[in-house]
Student: 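I'd like to ask you about the structure that follows.
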Amino acid sequence: MKESSTTSLFSPAQQRAMAALGLRLWVPRLANSTELTTHPKYYYRLHDWLLILPSALPVTGLSWLGDLCVALAHDEISVKPAEVTAAVHQTWDPNRIIDLGEWQGDQLNALQKRKIWQLISQ
């Protein structure tokens, strides 16, 4: 006979005592499917753009990121993305967000580059 998760947490005496006090049994909350598939994201501000990446930026520069920084920062020289909290994402202009969730490693494929350039040229 398989015990439920609640009965395995509390002995019968504990369950009776809680029932006598009018307390509900604690039931563990199961993670929903979105919580199970959520991956950490890293947020970086670059001029008036918000970059979202699946991993922290490496210390050594990436050539494509350097090109992107120059394109987004306009006339500014030596601009680097600054990490910001996830809360910033909620208030940021959606037209100024670049989600690089597909980014892996030090290279972007042609489709990723095309998507980025289309977004920033709008």
Side-chain angles (χ1 to χ4, degrees):
M1 179 192 232
K2 188 177 178 182
E3 291 183 353
S4 72
S5 61
T6 302
T7 57
S8 64
L9 291 173
F10 303 103
S11 70
Q14 289 172 322
Q15 291 178 29
R16 285 191 301 275
M18 286 190 283
L21 293 170
L23 299 174
R24 295 184 320 190
L25 289 177
W26 178 79
V27 179
R29 183 181 71 115
L30 299 175
N32 62 32
S33 61
T34 58
E35 289 175 340
L36 294 175
T37 58
T38 301
H39 300 288
K41 293 183 178 181
Y42 297 83
Y43 300 87
Y44 294 90
R45 179 183 52 79
L46 179 63
H47 196 50
D48 59 346
W49 290 87
L50 182 67
L51 307 178
I52 304 173
L53 294 123
S55 59
L57 288 175
V59 174
T60 58
L62 302 171
S63 60
W64 66 266
L65 183 61
D67 294 341
L68 183 62
C69 290
V70 169
L72 295 179
H74 307 292
D75 298 333
E76 298 178 30
I77 298 172
S78 185
V79 175
K80 295 187 181 190
E83 190 167 4
V84 295
T85 65
V88 170
H89 182 251
Q90 303 302 320
T91 58
W92 207 271
D93 177 3
N95 296 319
R96 294 292 193 189
I97 296 175
I98 300 176
D99 189 343
L100 298 167
E102 300 171 9
W103 169 68
Q104 296 294 327
D106 60 353
Q107 296 294 319
L108 293 178
N109 64 41
L111 179 60
Q112 291 167 321
K113 288 177 185 178
R114 189 176 313 119
K115 285 180 186 178
I116 293 170
W117 295 120
Q118 286 174 348
L119 179 63
I120 65 174
S121 65
Q122 294 178 355

Student: Please report the closest heavy-atom contact between Y44 and A56, naming both atoms and the distance.
Tutor: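 Closest approach of Y44 to A56, heavy atoms only: OH-CA, 3.5 Å.
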Student: How is the hydrophobic cluster of V88 composed, in terms of its other members, when Ile, Leu, Val, Met, Phe, Trp and Tyr link through side-chain heavy atoms under 4.5 Å apart, directly or indirectly?
Tutor: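 In the cluster with V88 are Y43, L50, I52, V84, W92, I97.
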Student: Can you tell me how far the CD1 atom of I98 sits from the CG atom of L51, to the nearest 0.5 Å?
Tutor: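 Reported to 0.5 Å precision, the distance equals 5.5 Å.
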Student: Give, for atom NZ of K41 and atom NE2 of H89, the distance between the pair rounded to the nearest 0.5 Å.
Tutor: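 NE2 of H89 is found 6.5 Å from NZ of K41.
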Student: So do the side chains of L111 and R114 get within less than 4.5 Å of each other, counting heavy atoms only?
Tutor: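 Touching, per the 4.5 Å side-chain cut-off.
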Student: D93: what forms a side chain to side chain contact (heavy atoms under 4.5 Å, CB included) with it, not counting sequence neighbours?
Tutor: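 Result, side chain to side chain contact (heavy atoms under 4.5 Å, CB included) vs D93: N95, R96.
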Student: Among residues at least two apart in sequence or on other chains, which ones pass side chain to side chain contact (heavy atoms under 4.5 Å, CB included) with A20?
Tutor: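 Here no residue qualifies.
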Student: K115: what forms a salt bridge (charged side-chain N to carboxylate O under 4.0 Å, His left out) with it, not counting sequence neighbours?
Tutor: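 K115: salt bridge (charged side-chain N to carboxylate O under 4.0 Å, His left out) contacts with E102.
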